[in-house]
2 protein chains.
Amino acid sequence: MDKQRRDKKEGASAQGRPTLKTLAFMTGLGVTTVSRALKDAPEIGAETRRRVQLVAKQIGYRPNRAGVRLRTGRTNVISLVLNTDREIMSFVSDIIYGVSEVLAETPYHLIVTPYSRSQDPMEPIRYLVETGSADGVIISRTQPNDPRARYMLEHGMPFATHGRTDMGVVHPYHDFDNHAFAIEAVRRLASMGRRKLALLSPPPGLTYYSHTLNGFADALSEVGASEIPFNTVSIDHSIEQIRSRTAQLMRRENRPDGFVSSAAAATLAIVAGIEDAGLKLGRDVDVVSKQSSDLLHLFRPELLVVNENFRLAGSELARSVLGWIGGAAPGSLQSLSLPGEVLAYRHPAG
Amino acid sequence: MDKQRRDKKEGASAQGRPTLKTLAFMTGLGVTTVSRALKDAPEIGAETRRRVQLVAKQIGYRPNRAGVRLRTGRTNVISLVLNTDREIMSFVSDIIYGVSEVLAETPYHLIVTPYSRSQDPMEPIRYLVETGSADGVIISRTQPNDPRARYMLEHGMPFATHGRTDMGVVHPYHDFDNHAFAIEAVRRLASMGRRKLALLSPPPGLTYYSHTLNGFADALSEVGASEIPFNTVSIDHSIEQIRSRTAQLMRRENRPDGFVSSAAAATLAIVAGIEDAGLKLGRDVDVVSKQSSDLLHLFRPELLVVNENFRLAGSELARSVLGWIGGAAPGSLQSLSLPGEVLAYRHPAG
DNA sequence: TTGGCAATCTGTAACGTTTCAGTATATCTA
DNA sequence: TAGATATACTGAAACGTTACAGATTGCCAA
């Protein structure tokens, strides 16, 4: 036990992973020098620096995260905050991979911080900020006036939002241009002779709800089509609710001949509702839908789709937070992804 | 600065979150006593214990994770190791939520450790073990002879596998009974008069590949049906590959009149392939598919489905790892989820 | 020769926690 | 009464890191 203690003191302890002390012992330098040499500090001799870094690489030294975190407060963690029951499945999967892809080349880890329907969305944010559990945060389901963004801004926690806010404040974000999506969708339907359009929108409250609505309205007046209100449901509603509401709508005298849908799963429900009403997709009505994985064309080849790339969103968001942490100006860390053209796979008219 | 220093020493520092020192100062006790009182150590007076815990709750004390981790080596982290490009989307999403649900009531955090196609699956595992970045690990895509499981076993890292191994070694797992699934699927198809069945299997190499194959074979001989080989693709193949292979198969003289499919997305491709060949689902051929979210019936109501609950899997896996960390016997932390009955939504045959 | 200065390197303390080895007091035993 | 024992508490050290405030050396100007 005495020997063991001496070995420890000398940093020569055979078992356990190498620490600065180990390196110091091996190089004959002090821990401080080793520490500084590893991070290219200026007051270290060029030769010493190279020597230390060589040895460090050889024995596979990796800084102890707890030590760094305790001393500096840096966690090397990015937290992705997700709603447990409202988030789109492919969104979760793709955004995680997108973020991971970027973090993989950094010392950062991704931790997933979930919150559920019943919880205040602020709760996980407060936890992260108060406990300093992360160096940066990514949030989704962004609102025009988002208390989470405001809170993090006030408390100096770097973050990026999926979707924009509208509170006269600048912060990193990545967003898909849903205004442009709605416009393209309406134009396409109009070009096929559709004149009475319904929109299955994102949930009211989120910023991209109004982006989508505005794009839809702008394009309607541009092409001279009219709107059939369909605002009792949103893509946050259950498949069954959307299906029955759609069927209900389609049985009315004044039914739409075109749909714009903001989510792929919801589109399945819309189509089911249309068919429940005895109508036929591509003949009686057309549907333009966003999708994040290329599956809708298998469902009904008559569907018109616009792709949204969540993996890209994840990567962009990760890059943004890291940029902010690294000291870049928040205003330079914003990106907007433009929708590609409306894709048709097999369509009677085309 | 002198004052600030004194305040810090006394633990009365106003800013920053409370530490043991703060609590010690407030209660007039030593840090050691406070530390022990908070974890119900035996040698602390009942009244003192209550007093400390009261104050701690009042001021919202939360142990500093870095401090604990540095001192004890405990990370309070469970790592979910995922394959970036082969994992099913709904699997990722649901399992994360399942795990989260369980971890939410513990001090544990979930960190996602991804690896990509190009990487050795062992790499993230070695990283986790060597750096001690997690107290427990959850892995998927389990193989009969799984080097990851063996490695973690050898290195004393608690883990749970989604799917079983077959190396004469005991460890926690959660699995879906794919043997039973295949049997039920075949029986159902047989009961509808289907006699020439094809199986779209999991990727060879994973344990549940042979479970599924065995169930399929067992049931075939039970019901006296025959197999139409379809083993040039698995559910890991691309949608397009599965689709074209299916179409190819269906154009052959000796084509199947029934399919068993191990994944929902693959089923979309199978159906597309069937229809490419000019045949009709429910008339010329029937398909029984696993699904993890209730969407297939919207796709084609003639589909027969068996549900697999990935969220449950996540919860079970989390409970298992926590149990192992907590000292329970690995053998007592294994669970098998039985498939429900084969569900039909709308089928010509009733 | 002396002092000054730059270039390198180093020891100490601190981050917040837990463990170890105590100390002080009260209570029991003989 | 003396000693033993149980009870309740405490300080110091350590985990691995970095920041601070030196320390040592060599070299050059005056």
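Keep in mind that the numbers below use all heavy atoms, side chains included, and drop hydrogens, waters and symmetry copies.
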Between side-chain atoms of residues 76-84 of chain A and protein atoms elsewhere (two or more places apart, or another chain), which donor-acceptor pairs fall under 3.5 Å?
unit_1, atom_1, unit_2, atom_2, d
A:Ser79, OG, A:Thr113, OG1, 2.7
A:Asn83, OD1, A:Asp85, N, 2.9
A:Asn83, OD1, A:Arg86, N, 3.0
A:Thr84, OG1, A:Tyr115, O, 2.7

Show me the side-chain donor-acceptor pairs of residues 50-57 of chain B shorter than 3.5 Å, one per line, residues at least two apart or across chains.
unit_1, atom_1, unit_2, atom_2, d
B:Arg51, NH1, B:Thr27, O, 3.4
B:Gln53, NE2, B:Ala37, O, 3.1
B:Gln53, NE2, B:Asp40, OD1, 3.1

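Residues passing the side chain to side chain contact (heavy atoms under 4.5 Å, CB included) test with A:Ala149, sequence neighbours excluded: A:Asp146, A:Phe159, A:Thr165, A:Met167. Residues satisfying the side chain to side chain contact (heavy atoms under 4.5 Å, CB included) criterion with B:Val102, sequence neighbours excluded, are B:Ser315, B:Ala318, B:Arg319, B:Leu322. In this view, B:Asp135 satisfies the salt bridge (charged side-chain N to carboxylate O under 4.0 Å, His left out) rule with no residue, not counting sequence neighbours. With sequence neighbours excluded, the residues forming a side chain to side chain contact (heavy atoms under 4.5 Å, CB included) with A:Ala328 are A:Ser332, A:Leu333, listed by chain and number.
Atom CG of B:Asp175 sits about 7.5 Å away from atom OG1 of B:Thr142, to the nearest 0.5 Å.
Of the residues in residues 54-68 of chain B, B:Tyr61, B:Pro63, B:Asn64, B:Gly67, B:Val68 come within less than 4.0 Å of DNA chain C through at least one heavy atom, sorted by number. Heavy-atom distances under 4.0 Å link DNA chain C to A:Leu70, A:Arg71 of residues 70-77 of chain A, given in residue order.
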Can you pull every protein N or O that's under 3.5 Å from an N or O on nucleotides 10-12 of chain D?
unit_1, atom_1, unit_2, atom_2, d
D:dT10, OP1, B:Gly30, N, 3.4
D:dT10, OP2, B:Gly30, N, 2.7
D:dT10, OP2, B:Thr33, OG1, 2.4
D:dG11, N7, B:Thr32, OG1, 3.1
D:dG11, O6, B:Thr32, OG1, 2.8
D:dA12, N6, B:Thr32, OG1, 3.4

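Straight-line distance from the CD atom of B:Glu43 to the P atom of C:dT23: 17 Å, rounded to whole Å.
Bending across the helix from C:dT1-D:dA30 to C:dA30-D:dT1, expressed as the angle between its end axes from five pairs apiece, amounts to 60° (10° rounding).
Residue pairs that meet the salt bridge (charged side-chain N to carboxylate O under 4.0 Å, His left out) test with at least one member in residues 120-132 of chain A, sequence neighbours left out, are A:Asp120-A:Arg126. Every pair passing side-chain hydrogen bond (donor to acceptor under 3.5 Å, both in side chains) that includes a residue from residues 58-70 of chain B is listed here, sequence neighbours excluded: B:Arg65-B:His109.
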